[in-house]
Amino acid sequence: MRVLFQTRTNLYSSPGGDLIQIQKTKEFLEKLYVKVDVSLEFEPDLSKYDIVHLFNLMDPQDIYLQLENAKKQNKKIVLSTIYGLYTEYERKARGGLSQIVANYLTPYQIGYLKIILRHYHENRIHKGVFKMIFKGYYGLMKEITKKCRCFFT
């Protein structure tokens, strides 16, 4: 069996818990003789893979494009959700204007703004970001979950 892991495009330049989860999941699947590759591309050729495994629902704008590519290529899609709210931190410990603003927004509005600002600052605006702008942060996450075959938590 061959599996392609896909996630946010800044996985290595901005490492987090999802990188550790990807590395450990890959390590243990390979012990079971599953061939695992990792790709951060939006539209790779999936012809040699049986399954596309997406990671990190907190950044839906990137994995949405990867999911759509997998659907076009008729691949089974699974998702490791990796979703943890940082609302308490944003409201009580962030500091500055961000903390003040966070006290007036819902967790989804906070996530929406953070993604737009981060992508603008890192010059990573793409189709998935525009999809999130029009669909909404929560709306895009909901659409992704509806299209996945299985979830790993």
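Bear in mind the structure is a predicted one, so any value in this text is a computation, not a measurement.
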After noting the C-alpha distance and the side-chain angles of Leu54 and Val78, does the key distance pass the side chain to side chain contact (heavy atoms under 4.5 Å, CB included) rule?
CA-CA 6 Å; Leu54 302 173; Val78 299; over 6 Å; no
Does Phe152, at its CZ atom, have more than 12 non-hydrogen atoms belonging to other residues, nucleotides or ligands within less than 6.0 Å?
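Result for CZ/Phe152: enclosed.
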Give the C-alpha distance, both sets of side-chain angles, the deciding distance and a yes or no for side chain to side chain contact (heavy atoms under 4.5 Å, CB included) between Leu29 and Phe5.
CA-CA 12 Å; Leu29 283 174; Phe5 286 180; 3.8 Å; yes
Cation over ring, Lys127 on Phe130, under 6.0 Å and within 45°?
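So Lys127 doesn't make the cation-pi contact.
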Do Glu30 and Lys26 meet the salt-bridge criterion of a basic N to acidic O distance under 4.0 Å?
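Judged by the 4.0 Å cut-off on N to carboxylate O distance, Lys26 and Glu30 do form a salt bridge.
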Check this for me, if you would: do Lys146 and Glu143 make a salt bridge, where the nitrogen-to-carboxylate-oxygen distance has to be below 4.0 angstrom?
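No, no charged N to carboxylate O under 4.0 Å.
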Reference residue Asn69; test side-chain hydrogen bond (donor to acceptor under 3.5 Å, both in side chains); the match among Gln73, Lys71, Gln66:
Gln73
Which of these passes side-chain hydrogen bond (donor to acceptor under 3.5 Å, both in side chains) with Asp59: His119, Arg118, Lys114?
Arg118
Salt bridge (charged side-chain N to carboxylate O under 4.0 Å, His left out) for Arg8 and Asp18? Distances and angles first, verdict last.
CA-CA 9 Å; Arg8 60 189 172 88; Asp18 53 347; 2.7 Å; yes
Test side chain to side chain contact (heavy atoms under 4.5 Å, CB included) on Val52 and Leu46 and set out the steps.
CA-CA 8 Å; Val52 172; Leu46 304 174; 3.8 Å; yes
For residues Tyr108 and Tyr138, establish whether the separation of their ring centroids is below 6.0 Å.
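When the ring centroids of Tyr108 and Tyr138 are compared, they turn out to be within the sub-6.0 Å range.
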Starting at CG of Leu140, measure out to OH of Tyr112 and round the result to the nearest 0.5 Å.
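Those atoms lie 10.5 Å apart.
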Could you please spell out the steps behind the salt bridge (charged side-chain N to carboxylate O under 4.0 Å, His left out) verdict for Arg2 and Asp37?
CA-CA 8 Å; Arg2 295 184 63 105; Asp37 294 318; 3.3 Å; yes
Do the side-chain N and O atoms of Asp62 and Thr9 include a donor-acceptor pair separated by under 3.5 angstrom?
yes
